[in-house]
Amino acid sequence: MSLATYKNAAGFSAEKIELLEKDFAGLNESGSDLAERALRYVIDGDDANVLDALSKAHEPALQLRLVQTLRTYQAHRPASEARDRFFADIDAVGFEPYLRLAKVYEAAAKGGPPVPLPFQAYYAGLPWLELFVQEIWVRERGGKKPAFPISILEEMLAAEGQDSALLMKTVFSVKPQDHFRALPVTTIKSLSGFRDGIAKHHVVVAEAIVHADASRKVELLDILSEQQIVAGPFVRELALLAISGAKKVREAALPLLKHARDEARPLIEQAAVNGTPAERVQAIRWLGRFAGEAAREFLLARQQVEKGAKLKEAISEALGEVRKGVAPVQDDVASPRPALPHIETVVPLSASARQAVA
């Protein structure tokens, strides 16, 4: 069909429409008009009844070559090259056409053999979201991340009455990491704009790094470091974590504060006065190591009033550190923690797993 065939109120380029036509061509295998109807629905928003027709069609998910279906039933069959090119860069057409495209994937997944959706617990039970995100992410090639912005997915969620922060909450969950969540987390982190999403949803992130257990705190702080997040929105939380009683938590928090020492210092001075005994000792040590001359007056004042042996010893050591000078920024942590192990990104489901999600 030509571009003139569509109203194209969304504003897709002629190239994108041609790619969608090629991508949907498989729906014509049964001699139906499903491809044309589905295209009009995605591009123009017409004929929403096509979703019901797709859900009752014969193997539309296989005809569309949805990645979840190919992995389970036709691993030898290549994915859609037209879809690769369609998602290689994103037309600025708003979220509505992409939401309709996701609904086409969902409707197609209902027809024919069951399409496994093993990660619904992490996608709020929304089949369209899991299917759409997988279609985006599987097109990662040669270390190049998907071009599709997480911000559009958030608009899609909001339009469906869902929490727009759902994806960020999946990544920054306080629950201990588990094998199944590892893949959705890897997928979401790969989306364009994920780093900006951390700043946008800083309240969600801050609550997670405060309320998670120690091992989970380390995992979440590692994500912030990996994304090169500035301390700004999280300086209060990071200051508290930098004086945590858990050494691994302190080590994970320190690099994130390296460019926000001046902002963190008043908060850590407050903890040195009002914190728990363990926090007060760690706060004094941080001030001696990282605040330098700016903390000298405070430390001398505390030296005059503190009575506890551990605190007095910590203050004496901290003043010694001040005399030596502030540690360089790159020396926040003595030695880096080992990198997280590689997570295999395309893993065919085993027979037992297919049976479990069928």
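This chain uses plain numbering: 1 for the first residue, then up along the sequence. What you see below is based on every heavy atom in this structure, not just the backbone, and it leaves out hydrogens, waters and symmetry mates.
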Minimum heavy-atom separation for [X] to [Y], with atom names?
X	Y	result
E263	V235	CB-CG2, 4.0 Å
E237	P233	OE1-O, 3.8 Å
S32	L27	OG-O, 3.5 Å
I284	F298	CD1-CE2, 4.3 Å
A53	R37	CB-NH1, 3.8 Å
A108	L54	N-CB, 4.3 Å

Hey, is the main chain of [Y] close enough, under 3.5 Å, to the side chain of [X] for a donor-acceptor pair?
X	Y	value
K217	A212	yes
S173	T170	no
R261	A291	no
D44	K7	yes
R139	E135	yes
R83	L64	yes
H202	A199	yes
R40	T5	yes

When you compare the side chain of [Y] with that of [X], does any pair of heavy atoms fall below 4.5 Å?
X	Y	result
F87	V138	no
P176	D213	yes
F95	L153	no
L166	Q162	no
L238	L221	yes
I198	V171	no
L224	F172	yes
L34	N28	no

>> By the side chain to side chain donor-acceptor pair (under 3.5 Å) test, which pairs, at least two apart or in different chains, include something from residues 100-123?
In response: K103-E160, Q120-E130, Y122-D178
> Where do W137 and V67 land on the side-chain contact (heavy atoms from CB on, under 4.5 Å) test, with the steps shown first?
Replying inline: CA-CA 10 Å; W137 169 72; V67 63; over 6 Å; no
>> For F132 and W128: C-alpha separation, side-chain torsions, deciding distance, then whether ring pair (Phe, Tyr, Trp, His ring centres under 6.0 Å) applies.
In response: CA-CA 6 Å; F132 192 79; W128 66 263; 7.5 Å; no
> In this structure, which one of R280, E306, R302 forms a side chain to side chain contact (heavy atoms under 4.5 Å, CB included) with V273?
Replying inline: R302
> Take atom CZ in R85; do more than 12 heavy atoms of anything else shown fall under 6.0 Å from it?
Replying inline: no
> Hey, are K22 and E81 close enough for a salt bridge, meaning a charged N less than 4.0 Å from a carboxylate O?
Replying inline: no
> Hey, are R195 and Q228 close enough side-chain-wise for a donor-acceptor pair under 3.5 Å?
Replying inline: no
> Aromatic rings F12 and F86: how do their planes relate, parallel, tilted or perpendicular, breaks at 30° and 60°?
Replying inline: tilted
> Under the side-chain contact (heavy atoms from CB on, under 4.5 Å) criterion, do L167 and L157 qualify, and how do the steps go?
Replying inline: CA-CA 10 Å; L167 298 175; L157 283 163; 4.3 Å; yes
>> By the definition side chain to side chain donor-acceptor pair (under 3.5 Å), identify the one residue from N8, D89, D91 that meets it with K16.
In response: D89
> Where do H58 and Q63 land on the side-chain hydrogen bond (donor to acceptor under 3.5 Å, both in side chains) test, with the steps shown first?
Replying inline: CA-CA 9 Å; H58 178 67; Q63 293 167 359; over 6 Å; no
